[in-house]
Amino acid sequence: MAIYINKSTRVLVQGITGRQGSFHTAQMLAYGTRLVGGTSPGKSGQVVEGLPVYDTVFEAMEAEPAEASILFIPAPFARDAAYEAIDAGIKLLVVITEGIPLHDALDIMDYAHREGTVVVGPNTFGLVSSGQCKIGIMPNRFYVPGPVGVVSRSGTLSYEIVGNLSDAGLGTTTVVGMGGDRVVGLGFIDVLKEFEKDPATEVVVLVGEIGGSAEEEASRFIAAHMSKPVVAYIAGKSAPPGKRMGHAGAIIEGGRGTFASKIEALHEAKVRVAELPFEVPSLVREALGNS
Amino acid sequence: MAIYINKSTRVLVQGITGRQGSFHTAQMLAYGTRLVGGTSPGKSGQVVEGLPVYDTVFEAMEAEPAEASILFIPAPFARDAAYEAIDAGIKLLVVITEGIPLHDALDIMDYAHREGTVVVGPNTFGLVSSGQCKIGIMPNRFYVPGPVGVVSRSGTLSYEIVGNLSDAGLGTTTVVGMGGDRVVGLGFIDVLKEFEKDPATEVVVLVGEIGGSAEEEASRFIAAHMSKPVVAYIAGKSAPPGKRMGHAGAIIEGGRGTFASKIEALHEAKVRVAELPFEVPSLVREALGNS
Amino acid sequence: MKLYEYLGKQLFARYGIAIPKGQMVETPGEAAEAAAEYGEAVVKSQVLTGKRGKAGGIAFVSSPDQARQEAARLLAMEIQGLPVEKLLVEEKISIDQELYLAITVDGASRSPILLVSLDGGMEVEEVPAERMLRWPVNVNLGLQPYAIREICRRLGIGGGLQKQMLELVPRLYRLFRELDAELVEINPLALCGSGLIAADAKVTIDEDALYRHKELPRITEKTALELRAEELGLAFVELGGEIAVMANGAGITMATLDMVQHYGGTPANFLDMGGGADLERTANALELLLATNPRAILINIFGGITRCDVVAEAFAQVKESRGVDLPVSFRLVGTNEEEGRAVLERMGISAFHSTEEAVRHAVEISLP
Amino acid sequence: MKLYEYLGKQLFARYGIAIPKGQMVETPGEAAEAAAEYGEAVVKSQVLTGKRGKAGGIAFVSSPDQARQEAARLLAMEIQGLPVEKLLVEEKISIDQELYLAITVDGASRSPILLVSLDGGMEVEEVPAERMLRWPVNVNLGLQPYAIREICRRLGIGGGLQKQMLELVPRLYRLFRELDAELVEINPLALCGSGLIAADAKVTIDEDALYRHKELPRITEKTALELRAEELGLAFVELGGEIAVMANGAGITMATLDMVQHYGGTPANFLDMGGGADLERTANALELLLATNPRAILINIFGGITRCDVVAEAFAQVKESRGVDLPVSFRLVGTNEEEGRAVLERMGISAFHSTEEAVRHAVEISLP
């Protein structure tokens with residue numbers, strides 16, 4: 001079992017002919033993802049990695065319907081591409097694009113909410129149900145089946161942690177990247193709810209960072225609704241206030257979103273907190289032992 | 001039984017302190033409608049017909065929640081009032097107001113659709129479940145319980161027809177006024193579906209008029225999905241093309257929306273069509289006898 | 001409110017939609033002057049009907065003299081009963097392809113709808129349904145580029161023309177929304193070289209929204225009486241027959257007219273006095289009714305929000321002040337019916353209970 | 001991108017939001033001239049921090065001479081490390097009541113959020129939560145009048161002040177949406193007689209959306225190196241320590257810094273080279289890294305979209321061209337790891353597999 005996606009999920013690649021789009025198309029195919037085609041305006045009829053290219057999502061859906069789509073579309077055009085996917089009936093939209101204007105993200109979320117489409121990202125590495133389906137840009141090799149569900153705000157840091165887990169013999173059910181922007185679709189709580197329901201997930205790893213209040217809200221949710229153990233790591237302990245540490249979300253403003261407040265909230269929710277990323281596997285083992 | 005509203009439906013009056021609002025508040029109370037209060041900005045604390053007046057719909061809903069609201073709000077402010085009702089959680093919105101700009105109506109319908117609110121009107125006389133609840137401006141006396149469901153595009157004409165029915169001893173389950181504007185919330189098909197499901201409704205009377213294609217679409221629906229007999233009357237046989245006959249919807253343009261095309265569609269759907277309004281009761285009797 | 005082509009084109013220009021060079025003129029002399037600037041030119045009657053081409057209301061000219069002649073001819077014309085009072089003189093454009101483009105409101109989907117066809121230039125009713133692409137627009141999203149690309153794909157429009165559409169369509173949609181249009185139509189939308197030019201313009205503005213568009217001109221196709229009715233806030237249409245008809249509610253008024261016709265009478269007008277009118281408004285409506293010089297009057301009141309006594313009082317007032325002597329057929333039921341009947345009885349009028357009786361009587365008294 | 005108060009107020013004026021009369025000046029002489037126009041005036045340091053009042057960055061003056069003196073004093077100040085280079089001289093307004101008004105984006109509700117409080121004038125963090133009204137805005141609807149009326153009701157704002165709010169709030173919201181603002185804040189929003197005046201202005205524009213706002217000024221709080229990083233499209237922050245750190249991904253870069261600190265080192269910077277950088281971009285990032293004059297370099301690459309060999313090649317290139325002799329701790333795993341390691345080996349660098357080892361090594365080599 002897994003959450004959101006599995007081996008029967010049919011996936012479309014928007015922006016398949018670009019450098020990133022074509023590279024990750026190959027990677028996703030190698031992982032075993034059921035890709036059904038891609039889009040690139042004006043390039044209908046081309047073939048990328050053996051997959052048909054269409055002008056529009058509607059055209060692609062006429063040829064073979066897909067449930068999910070992954071966006072490799074430059075930021076100025078990402079909102080339009082997201083609208084297109086949602087309007088054409090895509091139910092899970094993974095937005096890899098970085099640097100999408102904040103108000104465009106608000107517009108995307110609003111329309112997606114209205115149409116019942118789940119958005120992962122923007123500025124996410126995607127999500128993967130280990131051994132079944134990868135819709136994202138994470139390296140293939142660490143995502144092996146196991147009992148751990150992972151949800152993370154940052155990409156490479158989660159690769160690091162999932163790498164540590166797999167080195168320690170701990171595989172994953174589903175790994176979800178929420179995305180590093182201030183406004184993202186799936187949040188911690190959405191994903192935690194799914195992990196709580198997923199029979200294959202025995203323990204959840206939450207990878208957070210400074211800025212915003214998502215970790216604090218997740219803590220309250222965990223305390224109230226999670227029966228499964230949760231392990232957390234929060235990045236940004238050493239970050240100075242007022243500076244944006246890469247991610248739009250990672251900025252401590254007016255005393256809010258600090259490392260301390262997040263750790264306190266997690267402790268209150270009885271979450272096991274790792275001080276450093278490589279401590280995560282032992283805390284997971286501990287949690288598995290206890291559960 | 002009845003559709004949309006019944007004796008437990010709690011109703012709010014938006015614009016209760018105006019001439020129309022207060023007059024019809026008294027009429028609705030006299031009919032037995034469960035009115036719980038009204039709104040009028042800046043007039044919180046006043047009392048109209050024994051009902052409390054609030055500044056906003058939110059304030060009213062805090063005091064006592066309502067499921068439905070009826071709008072007596074001047075056209076330039078109607079969209080805002082509709083938004084307010086929908087945002088505050090009203091699930092059935094009856095818009096009496098005439099002359100609402102077309103694009104405002106589009107906006108209202110869009111938001112209502114999004115939030116799952118049913119809109120009756122604009123430019124409607126409202127709806128009434130006979131003997132239980134009246135949310136509208138129709139005269140009280142003709143709406144007596146019985147087996148006939150009525151849905152109408154025009155107000156006074158439906159009073160005339162319901163009056164004819166009640167004179168003939170035929171009462172009604174629910175009478176719904178769709179409203180005379182080009183864009184209205186509930187359409188024939190929505191209401192026909194409900195009547196088809198309502199055990200108390202044995203026959204349906206559809207009162208249409210020239211313009212648009214609602215009657216043609218209703219006919220196709222009736223042919224495909226209605227097991228109950230339908231009787232129809234269409235106004236505007238004598239109307240010249242290109243002239244707007246009062247209702248925004250009642251205009252024959254470019255050969256579409258003609259009397260002839262509607263009658264033809266209704267006949268194809270085996271609907272009994274009355275030539276003149278007062279022929280409706282005998283056709284209803286005939287339908288009841290057959291069913 | 002329909003706008004003349006030249007006004008519609010002014011709006012197009014304001015929204016960045018290309019139009020041919022041209023100017024509105026009202027005399028043959030002005031037409032000659034304008035044509036002198038363009039060489040090959042077209043002179044187009046400005047009337048609010050779509051059939052002017054077939055009616056000979058458009059002329060191509062190659063010289064100022066010819067423009068003067070044609071303008072004189074056109075200004076003497078009536079098209080579908082409408083006198084030609086204004087002309088639009090435009091440079092002749094060389095058209096490679098004609099498209100059809102319109103945005104209007106679709107009652108069925110409760111949304112704006114975009115209509116596009118490659119069969120431009122002909123009457124829209126003549127375009128086969130399968131060659132007219134219909135795209136409902138979510139008002140929340142508006143017309144986004146992806147939708148235009150998808151529409152173009154379905155129509156087989158690619159390359160430069162698609163690019164032009166991606167620029168033009170959002171502008172037209174913005175005009176449609178911002179100016180509260182019921183209809184914006186470009187037919188033909190002319191492909192001239194690599195550019196799209198609006199060769200015609202049909203724009204209809206929602207009259208209910210005119211209050212928020214002080215900048216727009218006020219155009220009317222109404223008769224003097226219809227204008228008077230508009231001022232009074234009444235729905236009124238002149239129909240030219242013998243029986244002046246007033247009722248309360250658009251549907252019942254239409255049904256009353258249908259019945260008049262059914263029983264062999266001819267209605268002089270459609271007059272919906274609306275709901276809940278007071279004494280003054282009702283009196284105004286009755287004055288309007290008399291102004292059509294009918295042979296008889298038919299008043300059909302089903303009082304709901306409207307009070308029967310108010311209508312009866314208003315009638316008494318107008319009858320007295322104007323010394324009305326016309327035969328009247330009155331139907332009166334509903335709110336305050338007894339009081340209303342009492343007022344009429346004093347004038348010797350016995351109101352009917354049923355519309356049918358009232359209409360039959362009206363037809364009888366209207367016969368010469 | 002934060003805007004200076006005077007720029008924010010220019011935007012307010014463009015959107016019809018009332019501001020005090022005033023002008024931006026850069027010298028004491030200009031300040032005196034401006035103050036002469038207003039009589040009682042206020043001289044405000046233009047710095048991109050909210051604490052300037054407490055820091056003495058605002059002066060009230062009654063004469064041009066006093067304005068000159070205070071301006072000289074202010075222009076010599078630093079506030080929170082920021083030099084005061086510009087002043088805003090404004091007429092002093094007489095304030096009856098101070099409100100707080102802001103619109104920002106709420107990540108939790110994925111929507112804009114309006115913040116209103118009757119406790120204006122104080123630091124927003126000091127306003128008790130229950131006295132700050134928070135109203136999430138549906139971007140589809142925008143801020144409609146009903147919402148403002150409801151907000152006013154909850155705060156007990158009626159009458160004329162409510163009317164003022166009904167005018168002002170939609171204008172501020174329009175600015176927020178049209179200019180891609182992350183934050184618009186008016187604190188205090190001053191009630192002066194019957195009018196509301198924006199006595200301060202804090203406007204932050206989304207940098208990701210600047211490309212569509214050519215009309216807006218470009219303001220930066222960044223150092224020269226950070227600016228260079230911005231040009232290169234890299235996320236870079238100077239931190240002042242000894243170890244230059246580069247990683248790929250914001251989260252892992254932060255975690256690497258945390259580990260550096262944990263093991264007793266001090267980071268010179270935050271540098272996220274992002275994902276999928278090519279040789280040139282990586283080389284640029286490395287150049288930037290060297291410009292902080294560190295004692296040691298720590299490079300932490302977990303190759304996904306990023307290829308290990310590209311990073312190693314870029315490093316070799318820069319090392320050679322710049323003759324870099326600094327000690328380096330390299331961690332390299334992921335896509336094309338073998339190829340990358342081979343490149344490094346040729347330079348005598350043996351890359352670590354784990355971040356922990358790499359960080360520990362970096363701290364060691366950074367010690368004097």
Side-chain angles (χ1 to χ4, degrees), chain A residues 19-20 23-24 75-76 98-107 109-111 113-114 125 137-139 152-160 163 180 182-185 187 207 209-210 212-214 217 233 235-240 243-250 254-256 275-278, chain D residues 49-50 105-108 110-112 123-125 138-140 176-177 180-182 206-212 221 233 235-239 247-262 267 270-272 274-276 300-306 333-335 354-356:
Chain A
R19 202 173 58 87
Q20 278 209 37
F23 177 76
H24 286 290
E98 279 182 65
I100 293 180
L102 186 61
H103 286 258
D104 289 6
L106 291 174
D107 292 337
M109 297 315 156
D110 185 66
Y111 186 50
H113 173 75
R114 178 192 177 109
F125 59 92
I137 59 172
M138 57 291 263
S152 173
R153 259 170 89 178
S154 50
T156 324
L157 179 54
S158 82
Y159 310 166
E160 174 92 31
R182 268 180 72 181
V183 168
V184 291
V207 183
E209 60 189 35
I210 52 162
S213 57
E217 285 148 23
Y233 170 72
K237 185 179 181 180
S238 65
K243 292 284 189 180
R244 178 171 296 185
M245 304 305 268
H247 278 173
R256 290 176 57 243
E275 284 255 339
L276 295 172
F278 52 81
Chain D
T49 165
V105 166
D106 181 34
R110 297 169 190 86
S111 73
E123 292 291 328
V124 59
E125 295 83 11
N138 181 320
V139 287
N140 179 5
F176 173 76
R177 285 285 286 173
D180 278 297
E182 289 179 9
D206 176 16
E207 298 195 14
D208 287 332
L210 276 179
Y211 71 89
R212 55 190 179 199
E221 303 165 79
F236 179 81
V237 180
E238 279 193 87
L239 297 171
N248 61 326
I252 200 164
T253 311
M254 266 190 277
T256 307
L257 299 181
D258 293 348
M259 288 167 73
V260 165
Q261 204 180 52
H262 185 259
F270 169 101
L271 174 54
D272 169 15
N300 184 9
I301 301 301
F302 197 117
I305 191 171
T306 299
V333 294
T335 311
S354 89
T355 304
E356 191 193 3

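Convention: sequence-line order gives letters A, B, ...; per-chain numbering from 1. Quick caveat, the model's predicted, so the values are computed rather than measured.
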Looking only at heavy atoms, which two atoms of [X] and [Y] are closest? And how far apart?
X: D/Ala108; Y: A/Glu217; answer: CB-OE1, 3.5 Å
X: D/Met254; Y: A/Ala235; answer: CB-CB, 4.0 Å
X: A/Pro101; Y: D/Asp180; answer: CB-OD1, 4.4 Å
X: D/Leu239; Y: A/Pro240; answer: CD2-CG, 3.5 Å
X: A/Pro139; Y: D/Phe302; answer: CG-CE2, 3.9 Å
X: A/Asp110; Y: D/Asn140; answer: OD2-CB, 3.4 Å

What I'd like to find out is whether the side chain of [X] reaches to under 4.5 Å of the side chain of [Y], using heavy atoms alone.
X: D/Glu207; Y: A/Leu102; answer: no
X: D/Asp258; Y: A/Tyr233; answer: yes
X: D/Ser354; Y: A/Phe278; answer: no

Portion of [X] that has a non-hydrogen atom of chain D nearer than 4.5 angstrom:
X: A/Met109; value: side chain
X: A/His24; value: side chain
X: A/Val184; value: backbone

> Can you check side chain to side chain donor-acceptor pair (under 3.5 Å) on A/Thr156 and D/Asn248, steps first, answer last?
Replying inline: CA-CA 7 Å; A/Thr156 324; D/Asn248 61 326; 4.5 Å; no

> Charged N to carboxylate O below 4.0 Å: is that the case for D/Arg177 and A/Asp107?
Replying inline: yes

> Hey, is A/Arg182 close enough to D/Asp208 for a salt bridge, meaning N to O under 4.0 Å?
Replying inline: no

>> I need the residue from A/Ser238, A/Ser154, A/Ser158 with the largest number of non-hydrogen atom pairs under 4.5 Å to chain D.
In response: A/Ser238

>> Tell me which of these, A/Gly185, A/Gly163, A/Pro277, A/Gly187, has more heavy-atom pairs under 4.5 Å with chain D than the rest.
In response: A/Gly185

Working to the nearest 0.5 angstrom, can you tell me the gap between [X] [atom1] and [Y] [atom2]?
X: D/Met259; Y: A/Glu275; atom1: CE; atom2: CD; value: 11.5 Å
X: A/Ser213; Y: D/Asp106; atom1: OG; atom2: CG; value: 7.0 Å
X: D/Arg110; Y: A/Leu106; atom1: CZ; atom2: CG; value: 11.0 Å
X: A/Glu160; Y: D/Thr355; atom1: CD; atom2: OG1; value: 3.0 Å

What option among [options] has the most heavy-atom pairs under 4.5 Å with chain A?
options: D/Ser111, D/Ala235, D/Ala255, D/Ala247; answer: D/Ala255
options: D/Thr256, D/Val237, D/Asp272; answer: D/Val237
options: D/Gly334, D/Gly249, D/Ala250; answer: D/Ala250

Given a strict heavy-atom distance threshold of 4.5 Å, which part of [X] is in contact with chain A: side chain, backbone, both, or neither?
X: D/Pro112; answer: both
X: D/Tyr211; answer: side chain
X: D/Glu356; answer: both
X: D/Val105; answer: both

> Okay, side chain of D/His262, backbone of A/Leu276: is any donor-acceptor separation there less than 3.5 Å?
Replying inline: no

>> Looking at D/Arg212, I'd like to know if its CZ atom is crowded, meaning that more than 12 non-hydrogen atoms belonging to other residues, nucleotides or ligands lie closer than 6.0 Å.
In response: yes

